[in-house]
Structure formats: C-alpha cells, structure tokens
Protein chains: 2
Amino acid sequence: MVAQEARTVTLFDVATEAGVSLATASRALNGSARRVREDLRLRVLEAAAALNYSPNAAAQVVARGRSNLVGLLVHEIADPYFSAIASGVMGAAEKSGLLVTVASTGRDADREAVHIAAFRGQRARAVILAGSRLDDTVSLERLGQELVAFEGTGGRVVMISQSKLPVDTVVVENHAGARNLAETLVGLGYRRFAVLAGPPGLLTARDRLAGFRAGLAGADIHGDSVDVVRGGFDREGGYSAMNQLLDRGTEARCLFAVNDVMAMGAIAAMRERGLEVPRDMAMAGFGDFSMLRDITPTLTTVTLPLEDIGASALDLVFLERADKPRSRRIRGEVVVRASTPQR
Amino acid sequence: MVAQEARTVTLFDVATEAGVSLATASRALNGSARRVREDLRLRVLEAAAALNYSPNAAAQVVARGRSNLVGLLVHEIADPYFSAIASGVMGAAEKSGLLVTVASTGRDADREAVHIAAFRGQRARAVILAGSRLDDTVSLERLGQELVAFEGTGGRVVMISQSKLPVDTVVVENHAGARNLAETLVGLGYRRFAVLAGPPGLLTARDRLAGFRAGLAGADIHGDSVDVVRGGFDREGGYSAMNQLLDRGTEARCLFAVNDVMAMGAIAAMRERGLEVPRDMAMAGFGDFSMLRDITPTLTTVTLPLEDIGASALDLVFLERADKPRSRRIRGEVVVRASTPQR
DNA sequence: CTGGACGCGGAAAGCCTATTCCATTTCGCC
DNA sequence: GGCGAAATGGAATAGGCTTTCCGCGTCCAG
C-alpha cells in the first residue's frame with residue numbers, strides 16, 4: 001500500500017478528470033457570463049462531484065477581488081438584543097449566499113477599529129455595525145476613518161441605531177418610541193415618573209430619555225418632576241440604579257427603564273426589598289426581547305422587530321454605494337402589559 | 001485634477017515606498033523565521049502605516065494554505081443557550097487572533113452539511129459544532145463524511161454535546177446532571193414526577209431523561225409512576241407539552257423540563273390556567289441561562305457554564321489531531337431555587 | 001461559394017502574498 | 001588579513017482561481 005499524500009483536490013484536478021481546460025471547468029462550475037456547451041458542463045459537474053471538489057474560497061476571493069463575507073460587529077453577542085439582530089442578519093445572509101463573521105466589541109472603540117481592519121483584510125463584502133454609538137467625537141471620527149478605509153476596498157458599510165456617520169443606516173426610532181410610551185403611560189393615569197436612564201454618553205439611551213421627556217412635556221409634565229438615575233445599559237446597571245433610586249427615595253409611581261434588561265435588574269432590586277411590580281411601582285422597559293412575556297409581571301415595553309432590523313441591514317448591503325447615505329427607519333410599538341395597569 | 005482610481009494598497013506598494021523588496025516587506029510585517037535588519041524593518045512598518053496598508057487576508061490564506069477562521073455551527077443563534085456558547089467561543093478566539101464565522105442551521109442536517117462544505121472552502125482552521133445530535137444513523141453518517149472531508153483540508157473539528165463521532169468533543173454531562181437533580185428533588189421530599197421530555201430523537205433530551213430516571217430509580221421511584229410528555233426542545237414545545245399534560249391530568253407534584261426554555265413555556269401554560277409554581281406544581285429545568293434568576297419564581301435547574309464550554313471547545317482546536325479523539329467533560333451543578341421548596 | 005459574425009474552448013495573464021533559493025554582505029576567529 | 005559560517009536582501013516561484021484574449025469552427029446572408 002502506498003502512503004497517500006492527502007493533497008486537497010483543486011480545480012485543475014477537476015478539469016483534468018473531465019478532460020477540459022481549467023478555464024472551462026471554472027466557467028462550468030460558477031456559470032459565468034460565458035456559456036459552456038452542455039455536455040462539457042455536465043462532465044465537469046460530474047467530475048467535481050466524483051472528486052468531492054470544494055473550491056478554495058480564498059483563492060476565489062483573490063482572483064475576484066472580493067469575498068462573500070459580511071462582518072457583523074455587536075457589542076455582546078450573548079445579549080438577547082444583539083443575538084436577535086444577528087439572527088436576522090444571518091437568516092437573510094443565508095438566502096443571499098453570504099457568510100457572516102461575528103465579532104463582539106464589548107463597547108470598546110479600539111476593538112471595534114481592530115475588527116473593522118480585520119474585515120478590511122478579509123475584503124469583506126460589507127460590515128454591519130450594530131449597537132449604539134457613544135457621543136464621543138474623537139472615537140466617532142476615528143471610526144469614520146476606519147470605515148472610509150474599509151469602503152476603499154469596495155466594501156459596504158451599514159449601521160444599525162443612529163445615523164451619525166455618512167453611511168447607510170437602519171435607524172431605530174428611539175425618540176418616537178419613547179414618546180409614544182410616555183403618552184401611553186400618561187393615558188393610563190400615571191403622573192409621577194422615574195427613569196433609569198443608562199450612561200450619559202450612550203446615544204440610544206439619551207434618545208429614549210429625550211423622547212420620554214418629550215412625551216411627558218406634551219402632557220404638561222415637566223423635567224423637574226421626573227427622577228432620573230444614571231446607570232449601565234445592562235442588567236447590573238438597572239439593578240444598581242434602582243437601588244440608588246430606592247435609597248434616596250422617590251415619589252414616582254411609574255418607572256421607565258430605557259432598556260428591558262435594565263428593567264429586569266430593577267425588578268430584581270425591588271424584589272430583594274420586598275417590593276412588588278406594579279403594586280409598589282409600575283414599570284416599563286424598551287426593546288422587547290422575547291423572554292419578556294414570560295417574566296412576572298409581564299412587562300410593558302416598546303417592541304422592536306429585532307430580526308427585521310437585522311434583515312433590513314443586510315438588504316442595505318446590496319444597494320450600490322450612493323453619495324447620499326440612505327436610512328431605513330424602524331419604529332417600535334408600545335405594548336401594554338401587566339406591569340403598568342390602569343390607575 | 002486627475003481621476004484617482006481607488007486601487008487598494010498592496011504589499012508591493014509598501015515595499016516600493018520603503019525601498020525594499022517584496023520579500024523583505026513581507027518578512028518585516030509578519031515576523032517570519034527569517035530576520036530583517038532593524039532599520040529596514042522600521043522603514044517597512046512606517047511605510048505600511050503611512051499607506052494604511054492592510055494585508056489581503058485571502059491572499060495570505062492562499063499563500064499559507066490555511067486561514068485563521070473558525071466556523072461555529074449552532075442550531076439558532078437567538079437561543080440564549082447558543083448565544084452564550086458563541087460568546088465563549090468568540091472571547092477565546094479573540095485572544096488567539098482567530099475570527100469566528102457563525103452559521104445557524106435550524107437543526108437541519110442538510111444546511112449543516114452545506115455550511116461545513118462552505119467552511120471547507122474557506123480552509124477554516126476549525127469547525128465547532130454546537131448542539132445536540134439527533135439519533136439518526138443516516139444523517140450522522142453523512143455528517144461524519146462531511147467532517148472527514150473537512151479534516152482532509154487540515155482543519156480541526158470539535159463538537160459540543162455528545163461524543164458520537166470520532167472527533168474531539170466537549171461532552172456535557174447531561175445524564176449525571178439530571179441524576180443529581182433527581183436525587184436533590186427526592187431529597188426535598190418530592191415523590192411524584194412528570195417530565196417534559198423533548199423530542200424522541202434528540203440525544204441531549206434523551207440523556208437528561210435517562211439520567212433523571214436513573215436518579216429516581218436510586219430512590220426506588222420507578223418508571224411507570226413518572227408522567228413523560230414529549231414536545232419540542234424550545235419554549236413552544238414546553239408550552240404545548242404542558243398543556244397536554246394538564247389536559248390529561250397528572251398526580252405529579254413536581255415537573256422536570258429537560259431544558260429551561262421549555263420550563264418557561266410550561267410556566268406560561270400554567271399561568272394561563274390560573275395555576276401557580278410552586279403552589280400547584282413544583283418545577284425544575286436544565287441548562288440555566290442567566291435570565292432565569294429574574295423570572296418568578298426563580299427556577300431550580302442544573303447550571304451549565306456555557307461560556308466556559310465555548311472556550312473549552314476553542315481550546316481543543318489548538319490540540320493536534322490525534323488518533324484517539326479526546327473529550328473534555330463538563331459537569332452541570334444543581335441549583336435549588338424557589339420553584340422547588342422543601343416539602 | 002464566400003466572408004463576416006458569433007459561439008465557445010484553451011492558453012496565459014493576473015490577483016496578492018509567502019517562501020524557496022541564490023547571491024551578497026557581515027561577522028567571528030585564527 | 002583571510003577564510004568559512006552565518007545573516008540577510010532580492011528574484012523567482014508557488015498557491016488556486018477568474019478572466020481576458022486568441023483562435024478555430026460553425027452558421028447565415030448575400
């Protein structure tokens with residue numbers, strides 16, 4: 001028995017096996033503009049199948065000058081908000097024959113830049129940035145440069161959240177959603193509010209707070225009567241902000257947490273003190289991830305069609321780059337549940 | 001003004017700019033075995049920075065014959081179980097300078113095969129298969145062939161869940177965990193059990209059921225006194241299985257759902273009928289995703305260190321392929337919470 | 001019957017990088 | 001100072017594929 005060198009089979013092998021040239025084999029396999037006579041085409045296909053040929057994608061990328069990879073940058077893939085978006089992106093990508101490479105940045109602008117550079121190296125077809133930007137001109141500038149470099153390789157850039165850079169964007173209407181929520185809550189009879197507002201620089205958090213305030217203002221409820229507490233944009237942030245609020249005391253009868261997981265943290269903080277939602281405090285969140293309908297009490301929130309958002313982002317990838325960046329606006333919908341009963 | 005063709009900058013440009021040869025530039029940039037004189041090295045680095053050079057990863061892959069991509073196959077990225085594992089894999093990958101490409105299979109064996117073929121085309125360094133196998137010899141066989149072909153390109157294969165194929169595996173000790181859980185529940189005073197058991201063919205579900213039964217058998221509680229209902233391995237499955245169980249009536253005082261999201265579905269089904277956990281029925285789950293501590297009541301379960309599982313899988317990627325597949329065993333830990341009070 | 005248009009296979013160039021193989025320089029040591 | 005060994009720069013090649021360009025055969029119109 002001869003020791004077999006496990007060489008991988010190349011297009012050359014397929015061509016030889018089929019008795020045609022490399023060029024013909026290539027054309028037969030990926031149906032180029034040029035046509036190949038039917039019998040040859042079949043011979044090539046058969047040969048490829050017989051040899052279990054799998055084209056070397058890297059070589060194709062080198063030859064074509066572009067890949068079919070899409071880079072998806074999220075803050076944290078384990079966060080249900082991002083994993084739902086990722087699911088939408090990946091579902092749409094599969095339909096379009098694209099592969100999705102995901103990277104978590106942990107909200108770190110530097111790692112973001114590193115990953116974009118890596119995607120540039122991959123000659124990725126596009127990069128999708130999911131997640132809120134910070135209100136930080138320096139890092140925004142830096143990101144912009146990185147993205148320009150990326151576009152220089154022919155790739156597309158799509159952002160999800162705010163339209164702060166001149167790239168196509170799926171804009172989440174945080175302001176409008178929060179305003180509607182405020183109006184709804186006022187309609188339910190609430191007058192005194194507290195807000196767990198997230199970190200100061202985070203645009204998403206800021207927009208939601210501003211929208212909520214705008215909604216209250218429409219009902220003549222003004223800023224000074226609203227208790228605002230800052231905190232991280234995650235469960236822990238909600239938990240500690242709520243503790244802060246409870247420690248210092250509040251007259252609010254209804255709490256708005258600018259993100260659902262913060263609301264969950266807040267509920268946990270209340271429970272530890274023997275307080276109950278909505279008996280001791282009504283509560284509303286924002287962002288709706290599916291698990292929310294299973295917590296007790298079910299939580300009033302503004303639902304966002306996260307998977308659609310991801311899919312929309314991938315749609316934008318296929319548009320030609322234009323001078324004027326386009327945006328798709330996604331509106332959330334207020335859903336009233338048990339946590340905010342009529343007063 | 002001259003129309004600028006936006007050609008991407010290549011290694012050749014860097015070499016020219018630095019006044020050295022291509023070979024030297026290459027060696028300077030990725031520190032090969034060969035050394036480059038310090039001043040030249042610095043010149044190259046400067047030139048690269050000045051031109052904002054980013055190596056063409058695809059060309060590197062072609063030249064080196066292997067990539068730094070890791071393919072991760074999950075059933076559904078939006079499922080917290082898988083997104084937590086993905087988070088672990090991605091965190092570890094980043095430390096090792098690897099990129100992670102994720103694909104969702106939706107438990108479809110064909111799509112699984114398609115994706116593995118795609119990863120083979122990418123010359124991925126490794127593919128990690130997360131998620132339970134089905135007890136289906138045909139598709140298992142098919143998968144095995146696909147994986148052999150993948151390994152033929154020099155890639156590594158790591159599975160997470162059961163060790164059913166001759167590849168390195170992170171084995172989740174479902175049987176032992178469920179047995180411990182059963183023993184714990186018996187210790188709390190429960191004697192009559194029902195199980196929401198998941199689909200018949202799914203190995204993970206099967207192992208947990210078998211382990212649970214084994215634990216009960218140790219306490220002389222035998223099969224015929226346990227109500228077993230089949231259902232999907234997700235929230236909907238738990239919901240409908242629970243409805244089935246309640247429709248036909250049961251004497252069980254404690255329910256074991258073989259997976260946490262099924263337990264959540266079951267709780268929802270009970271709530272719709274005005275039933276409460278644990279008053280009307282105690283309940284335990286399996287798999288612990290972090291949100292669980294925030295539902296009411298907090299749920300007894302077997303926690304799995306999902307992020308560690310992902311990280312372990314990536315560890316295995318770096319081991320040399322060996323004749324005997326290795327396995328890392330991961331044991332869950334029983335956590336008793338409010339849903340199963342002492343009786 | 002002839003000439004041009006068209007269809008199609010094949011040779012070869014090109015994509016970008018890593019690495020081998022020479023050629024030259026540098027260095028250590030007697 | 002001279003010699004061999006070690007270090008190091010550079011030309012050329014490899015790697016797998018796509019695509020351009022060339023040339024030949026076929027078909028149809030005149």
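It should be emphasised that the depicted structure is a prediction, and the values quoted were computed from it without experimental measurement.
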Give a yes or no on whether Phe12(A) atom CZ has more than 12 heavy-atom contacts from other residues, nucleotides or ligands under 6.0 Å away.
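No, CZ of Phe12(A) has 12 or fewer neighbouring heavy atoms, counting only those of other groups under 6.0 Å.
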
Determine whether more than 12 heavy atoms belonging to other residues, nucleotides or ligands lie under 6.0 Å from atom CZ of Arg35(B).
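Counting other residues, nucleotides and ligands, CZ of Arg35(B) stays at 12 neighbours or fewer.
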
Proximal nucleotide (of [options]) relative to the [X] side chain:
X: Arg64(A); options: dA11(D), dT19(D), dT17(C); result: dT19(D)
X: Val62(A); options: dT19(D), dC15(C), dT17(C); result: dC15(C)
X: Val20(B); options: dA11(C), dG10(D), dG9(C); result: dG10(D)
X: Leu40(B); options: dG9(D), dC17(D), dG10(D); result: dG9(D)

Under 4.0 Å between any heavy atoms, over every strand shown, what does Val61(A) touch: base, sugar-phosphate, or nothing? Just pick one.
nothing

Classify Thr10(B) by what it touches in the nucleic acid, base, sugar-phosphate, or nothing, heavy-atom distance under 4.0 Å.
sugar-phosphate

Toward the 5' end of DNA chain D, by each residue's nearest nucleotide, Ser21(B) or Arg123(B)
Ser21(B)

Spacing between [X] atom [atom1] and [N] atom [atom2], to the nearest angstrom:
X: Gln122(B); N: dG16(D); atom1: CD; atom2: P; result: 16 Å
X: Asp39(B); N: dG9(D); atom1: CG; atom2: C1'; result: 12 Å
X: Leu22(A); N: dA11(C); atom1: CG; atom2: P; result: 10 Å
X: Asn56(A); N: dC15(C); atom1: CG; atom2: C1'; result: 13 Å
X: Arg35(A); N: dC8(C); atom1: CZ; atom2: C1'; result: 10 Å
X: Arg41(A); N: dG9(C); atom1: CZ; atom2: C1'; result: 16 Å
X: Phe12(B); N: dG14(C); atom1: CZ; atom2: P; result: 13 Å

For [N], does OP1 or OP2 lie under 4.0 Å from any side-chain N or O of [X]?
X: Asn30(B); N: dT17(C); result: no
X: Gln60(B); N: dT17(C); result: no
X: Thr24(B); N: dG10(D); result: yes
X: Tyr53(A); N: dC17(D); result: yes

Ionic contact status for [Y] with [X], cut-off 4.0 Å:
X: Asp168(A); Y: Arg321(A); answer: no
X: Arg142(A); Y: Asp110(A); answer: yes
X: Arg111(B); Y: Glu94(A); answer: yes
X: Arg43(A); Y: Glu46(A); answer: no
X: Arg133(A); Y: Glu112(A); answer: yes

Is there a donor N/O on one and an acceptor N/O on the other, under 3.5 Å, for the side chain of Arg37(B) and the base of dT24(C)?
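Under the 3.5 Å cut-off, the side chain and the base do not form any donor-acceptor pair.
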
Heavy-atom donor-acceptor pair, Arg27(B) side-chain to dG10(D) base, under 3.5 Å
yes

Distance-only side-chain donor-acceptor flag, Asn52(A) / Arg120(B), under 3.5 Å:
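Present: a donor and an acceptor within the cut-off.
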
Which protein N or O atoms sit under 3.5 Å from an N or O of nucleotides 22-25 of chain D?
none

